[in-house]
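So you know, we letter chains A, B, ... as the sequences are listed, proteins then strands, and number each from 1.
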Amino acid sequence: MLPAEVQFHILKRGSVEIVPEDEFLEKLKRSVATGKPLIVKLGLDPSVPDLHIGHSVVLRKLRQFQDLGHEVVIIIGDFTAMIGDPSGQVKTRPQLSREEVERNARTYAEQYCKILDRSKTKVTFNSEWLSKLSFEEVIKLASNVTVSQVLEREDFSRRLRSGSELRLHEILYPLCQAYDSVVLNADVEMGGIDQKFNILLGRELQRRLGKEPQVGFFMPLLIGLDGKEKMSKSLGNYVGIAEPPKEMFGKLMSMPDELMHDYFILCTDVPEDEIESILSGHPMEAKKRLAWEIVRIYHGEEEANEAKDEFERVFSRRELPTDVPEVVISLSKIGSEDGKLQLARLLCAIGVASSGREAHRLIEQGAVEINGERITDRFAKVEVKTGDIMRVGKHRWIKLIVES
RNA sequence: GCAGGGGUGCCCGAGUCUGGCCAAAGGGGCGAGACUGUAAAUCUCGUGGGCGCCGCCCUUCGGAGGUUCAAAUCCUCCCCCCUGCACCA
């Protein structure tokens, strides 16, 4: 094991806050002295089936803990997900059924294993202990927390002040999470800075129950591709860990320039001084490098190269992508006269447009090309044959397979 | 239970008092085009459906009826949501 100070230095990098810092160092020292690893906890919410690179920020930090010899425990919040989580958004998250939760939780393993060391990762479900608590025990647990403590949480106080909805079970959620820490005897709880309240409540609850309090370890939140909100699936501004390489690369290329620095720091292994030099160059080249680095982590170097090639081919040079989806069209079904058919109907049949009106719009806007020839007459009739390439907009390509 | 505020197009949100000019402002998102450094940034246009379509028609504003030549807008009943008060072993 590395000396505590060295570990501390490595781990601290990239974090926003460690509460309290000196206690964390003490724990590390003790761990080194006794040879006992720290128990580092992370709660994951199974209400979303996919992990995205926002989650990876925290997972990557956990990997560092693992590599330093500590024990990482992932808690799938299956029980809390069935209660529904106050997400900090205006609305509360839906309460999931047991089946949904289980389905989602199962897909997690393969995803976080791209980052964590599987053999060193312990996974538990918090329903294991939370579902066994009696109501009496719950009330006793709740007695350890005051209402004003809970109302300190900004999200709660704001909603209360503005007179919007706040339900009792939402207040219980942080208590569940806190109790997880008690059960696990967690030394450290990892989380995004938005988890501050919940994690510190865990610390508080441990103390009240006579256990050694955990340290809160906070990572910054990754801003999503929209450049405004934190990355989340529901906002659609995310890049999923399990997404195919080309898609991943493309999505990353669509982020605002200003985000690049954060992404380099939080999502890649590129050393800081190198990041600076990359960012001082051409923004597009920098972004390509960033996208490449991230794709490489999840899919390997070869796939990353391929994704980059594809991107340059399609968007920079505006050439055909390597694999163009094929669509079978039936002339008789669409309705043709002497082999010619209405372009607008064709677009609908392919599924590119959901209505005739939309098809007309696309055509008139100049979005439709067949074999490189733009067609702008919405009443145009075209003659198509198998192998014809249709392009709709900048990045939709279709190879036609014609049947009579 | 009582009082008040709401339910509008993918989302948010005007419009309701003073019926028609409302397929319904504005913003977001999304789509397209131009430009370019990319699915960055910026600018422009579009964003219910049907019709060979610069006009006409159809279906939309929680639900069901009604008044009217005409209703998102007025009336009746119903459903749902939120807030406050009351109740509170």
In the strands shown, is [N] matched to any nucleotide by a Watson-Crick or G-U wobble pair with both distances under 3.5 Å, and which?
N      : result
G1(B)  : C85(B)
A64(B) : U76(B)
A34(B) : U42(B)

Distance-only donor-acceptor test, Asp257(A) side-chain atoms vs G37(B) base atoms, 3.5 Å: yes
Check every atom of [options] against the side chain of [X] and return the nucleotide holding the closest atom.
X         : options                : value
Leu362(A) : A32(B), A40(B), A39(B) : A32(B)
Gln365(A) : G50(B), G31(B), A34(B) : G31(B)
His282(A) : G37(B), A32(B), G50(B) : G37(B)
Pro283(A) : G37(B), A32(B), A40(B) : G37(B)
Arg345(A) : U38(B), G33(B), C51(B) : C51(B)
Lys381(A) : U38(B), G52(B), G28(B) : G52(B)

Phe79(A) ring center near Phe125(A) ring center (under 6.0 Å): no
Heavy-atom pair of closest approach, residues His70(A) and Leu28(A): NE2-CD2, 3.7 Å
Once you round it to whole Å, what is the distance between [atom2] of [N] and [atom1] of [X]?
X         : N      : atom1 : atom2 : answer
Arg317(A) : U36(B) : CZ    : P     : 19 Å
Asp309(A) : U38(B) : CG    : P     : 15 Å
Phe379(A) : C54(B) : CZ    : P     : 7 Å

Separation between the P atoms of G28(B) and C81(B), rounded to whole Å: 33 Å
Is [X] near enough to [N] that one of its side-chain N or O atoms lies under 4.0 angstrom from OP1 or OP2?
X         : N      : answer
Ser316(A) : U38(B) : yes
Ser355(A) : G49(B) : yes
Arg289(A) : U38(B) : no
Lys246(A) : A39(B) : no
Arg361(A) : C45(B) : no

Closest-nucleotide ordering on RNA chain B, the 5'-leading residue of Asp377(A) and Met284(A): Met284(A)
